[in-house]
Amino acid sequence: ADDEDTFKILIATDIHLGYLEKDAIRGNDTFVTFDEIMKQAMQNEVDFVLLGGDLFHDNKPSRKTMHCCIEVMRKYCMGDRPIIFEILSDQAVNFSHSKFPWVNYLDTNLNISIPVFSVHGNHDDPTGTDGLCAIDLLSCAGLINHFGRSRSVEKLEISPVLLQKGNTRIALYGIGSVPDERLYRMFINNQVTMLRPREDEDGWFNLFVIHQNRSKHGATNYIPEQFLDDFLDLVVWGHEHECKIAPVRNEQQLFYVTQPGSSVITSLSPGEAVKKHIGLLRVKGKKMNLQKIPLQTIRQFFIQDVTLSEHPDLFRPEQPNVMLKVMAFCQEKVEEMLEEAERQRLGNPLTPEKPLIRLRVDYSGGFEVFNTMRFSQKFVDQVANPKDILHFIRHRESKDNIKECMDFEALLSRPTSEVLQLRVEDLVKEYFQTAEKVCILYMCVEDADQSLVNIPLSPLQTFHRIMRK
């Protein structure tokens with residue numbers, strides 16, 4: 001229940017204001033949705049709004065984008081509604097990079113009804129000799145409280161913003177976007193320190209905002225959840241656009257992670273097709289509840305995959321006029337998605353009229369592509385992305401005569417007499433047939449203290465060992 005001890009926080013990430021602002025159809029999508037988000041904050045009478053980075057799509061947003069952002073924030077964030085929570089931490093430390101190092105609702109020259117706290121993302125990160133970003137402009141104007149920023153490239157010391165409402169206390173931590181490889185290295189070298197409150201450190205609800213890769217894109221091009229401190233209660237993860245807003249418990253670190261995702265579709269990928277939400281977080285003591293709020297102004301997006309070779313009853317590559325049959329098949333699939341969009345849009349006047357449609361066509365198996373621009377002309381007045389409705393893909397066909405991998409273990413386990421009967425030509429041929437797939441054999445070697453260690457062996461080294469045996 002909402003009472004004097006309950007924090008109400010609206011959380012959102014990756015709003016990307018200004019994305020495709022010059023597009024005749026989609027140009028205002030980000031501004032309309034941002035207005036809806038801030039309107040939800042006002043209607044739910046939240047204590048503050050928490051943004052997880054990438055408020056802007058461009059590092060240097062246009063005048064139109066900045067004007068629309070200031071217009072919306074002034075419309076919903078300023079007013080006479082009293083702020084009933086207080087800041088307990090040293091604000092000069094929390095906002096040390098600002099020319100006005102204090103929270104905006106305590107500024108005697110401003111009348112703030114809904115404070116906004118935000119870290120910066122990779123799209124709106126600080127640049128230049130002065131290290132300024134678009135969020136710093138809003139901070140100087142008194143519209144946003146920019147926190148979680150560090151100028152050091154070698155280590156991070158994160159001091160939380162300490163908030164109290166009644167008997168509930170929140171320690172708000174944040175890290176603005178840092179190159180993933182650099183932050184990964186900092187964690188590995190124990191150069192990331194999260195400071196705890198001096199008094200009753202176990203009595204705080206620890207809320208952490210991060211804007212980094214969550215999914216693994218490379219060996220060090222992401223931040224594993226296990227790197228984060230286990231005293232945290234909830235992690236708000238920005239940068240990832242797929243909406244996974246329901247909190248998921250990390251069983252190793254014992255905290256929860258919520259990934260609100262983006263509030264605008266920036267790529268025609270399956271992750272962006274998931275329904276977009278923002279979250280209404282309630283915190284009372286050490287307990288929390290996250291309510292999902294679906295966004296109504298998001299442009300519909302439907303994506304479907306088809307594999308032509310899976311429909312031999314309709315067409316085959318060797319058939320005459322097969323391309324016309326494939327085009328008719330694709331047209332039917334697009335029309336089905338348009339009909340589904342129309343059914344879902346009924347009764348919701350806030351949803352934009354033209355949906356985004358993407359049909360991914362796998363033409364493996366001897367089929368040929370056709371002119372996508374000519375195909376798209378049929379749907380110019382029905383979809384928001386007429387230039388890229390179709391996307392052709394083809395998977396590399398595997399040869400039946402190539403084995404998946406040479407079984408070196410089985411070969412080495414054969415009796416010596418059988419190995420000697422093998423022709424060198426056969427082994428060389430088999431080896432080079434599987435050269436594309438790197439097979440690593442681990443041999444056990446006794447070291448000085450008689451313990452066993454694993455030493456990786458390249459395929460060529462393995463081949464030489466087989467020959468010696």
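These numbers were taken from a predicted model, which means no experiment stands behind them.
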Seminar exercise, completed: Separation between CG (L390) and CG (L359), nearest 0.5 Å, reads 5.5 Å

Exercise. CG of N206 to CG of L172: how many Å apart, nearest 0.5 Å?
Worked result: 10.0 Å

Problem set entry | Among R282, R81, K165, salt bridge (charged side-chain N to carboxylate O under 4.0 Å, His left out) partner for D47 | K165

Exercise. Where do K276 and S262 land on the side-chain hydrogen bond (donor to acceptor under 3.5 Å, both in side chains) test, with the steps shown first?
Worked result: CA-CA 7 Å; K276 303 290 188 182; S262 65; 2.9 Å; yes

Problem set entry | Test item: side-chain donor near acceptor, S267 and S269, under 3.5 Å | yes

Exercise. D58 side chain to P61 main-chain N or O, any donor-acceptor pair under 3.5 Å?
Worked result: no

For this session: For N167, look at atom CG and say whether over 12 heavy atoms of other residues, nucleotides or ligands are found less than 6.0 Å away.
Result: no

Exercise. Does a donor on one side chain sit under 3.5 Å from an acceptor on the other, for N111 and Y105?
Worked result: no

Problem set entry | Student check: side-chain heavy atoms of C69 and F56 closer than 4.5 Å | yes

For this session: Could you verify whether a donor N or O on one side chain and an acceptor N or O on the other, from S139 and D136, lie under 3.5 Å apart?
Result: no

Problem set entry | Parallel, tilted or perpendicular, as decided by the 30° and 60° cut-offs, for the rings of H120 and H146 | perpendicular

Exercise. Got a donor-acceptor contact below 3.5 angstrom from the E36 side chain to the T297 backbone?
Worked result: yes

For this session: Give a yes or no on whether the backbone of L132 and the side-chain of D130 come within a donor-acceptor separation of less than 3.5 Å.
Result: no

Problem set entry | Carboxylate-amine/guanidinium proximity below 4.0 Å for K333 and E335 | no

Problem set entry | For the student: nearest non-hydrogen atoms of L234 and M288, plus distance | CD2-SD, 3.8 Å

Exercise. Strictly under 6.0 Å, is that where the ring centroids of H123 and H239 end up?
Worked result: no

Seminar exercise, completed: Here the gap from Q91 atom CD to L162 atom CG, rounded to the nearest 0.5 Å, amounts to 10.5 Å

For this session: To the nearest 0.5 Å, tell me how far R149 CZ sits from I158 CD1.
Result: 15.0 Å

For this session: Indicate whether the side chain of D107 and that of N104 have a donor and an acceptor atom separated by less than 3.5 Å.
Result: no

For this session: Kindly indicate, with the supporting measurements, whether the criterion side-chain hydrogen bond (donor to acceptor under 3.5 Å, both in side chains) is fulfilled by D125 and N122.
Result: CA-CA 5 Å; D125 61 327; N122 58 305; over 6 Å; no

Problem set entry | Stepwise side chain to side chain contact (heavy atoms under 4.5 Å, CB included) test for N94 and S159 | CA-CA 7 Å; N94 300 140; S159 183; 4.0 Å; yes

For this session: Flag this pair as yes if the NZ/CZ of R196 is under 6.0 angstrom from the six-membered ring centre of F231 and inside a 45 degree cone about the axis; otherwise no.
Result: yes

Exercise. Where is the tightest heavy-atom contact between R360 and P270, given as atom of each residue plus distance?
Worked result: NH2-CG, 3.6 Å

Problem set entry | Q253 and D230 side chains, donor-acceptor separation under 3.5 Å | no

For this session: Mark yes or no for whether N145, through its side chain, and V116, through its backbone, hold a donor-acceptor pair below 3.5 Å.
Result: yes

Problem set entry | More than 12 heavy atoms of other groups within 6.0 Å of Q191 CD | yes

Exercise. Is E154 atom CD crowded by more than 12 heavy atoms from other residues, nucleotides or ligands, each under 6.0 Å away?
Worked result: no

Exercise. Going by atom types only, do T65 and E21 share a side-chain donor-acceptor pair under 3.5 Å?
Worked result: yes

Exercise. Hey, do the aromatic rings of Y184 and F227 have their centres closer than 6.0 Å?
Worked result: yes

For this session: List the steps and the verdict of salt bridge (Lys or Arg N to Asp or Glu O under 4.0 Å) for D3 and K284.
Result: CA-CA 9 Å; D3 54 26; K284 184 176 182 180; 2.7 Å; yes

Exercise. If we ignore angles and hydrogens, is there a donor and acceptor under 3.5 Å between the side chains of H16 and T266?
Worked result: no

Exercise. Does the side chain of Q377 come within less than 4.5 Å of V380's, by heavy atoms?
Worked result: yes

Exercise. Y19 vs H57 aromatic rings, parallel, tilted or perpendicular, using cut-offs 30° and 60°?
Worked result: perpendicular

Exercise. Rounded to the nearest 0.5 Å, how far apart are CG of D14 and CD of Q259?
Worked result: 9.0 Å

Problem set entry | side-chain hydrogen bond (donor to acceptor under 3.5 Å, both in side chains) between Q212 and D180, intermediate numbers included | CA-CA 7 Å; Q212 304 290 153; D180 291 289; 2.8 Å; yes

Exercise. What's the spacing between I278 CD1 and I11 CD1 if we round to 0.5 Å?
Worked result: 9.0 Å

Exercise. Do the rings of F85 and F48 sit parallel, tilted or perpendicular, given the 30° and 60° boundaries?
Worked result: tilted

For this session: Assign the ring pair W102 / F100 to parallel, tilted or perpendicular, where the plane angle (0 to 90°) is split at 30° and 60°.
Result: perpendicular

Exercise. For E157 and K155, what are the C-alpha separation, side-chain angles and deciding distance, and is it a salt bridge (Lys or Arg N to Asp or Glu O under 4.0 Å)?
Worked result: CA-CA 7 Å; E157 189 174 84; K155 62 180 180 179; over 6 Å; no

For this session: Would you please test N59 and D124 for side-chain hydrogen bond (donor to acceptor under 3.5 Å, both in side chains) and show each step?
Result: CA-CA 4 Å; N59 186 269; D124 48 21; over 6 Å; no

Exercise. Between K354, E342, R345, which is the residue that forms a side chain to side chain donor-acceptor pair (under 3.5 Å) with Q300?
Worked result: R345

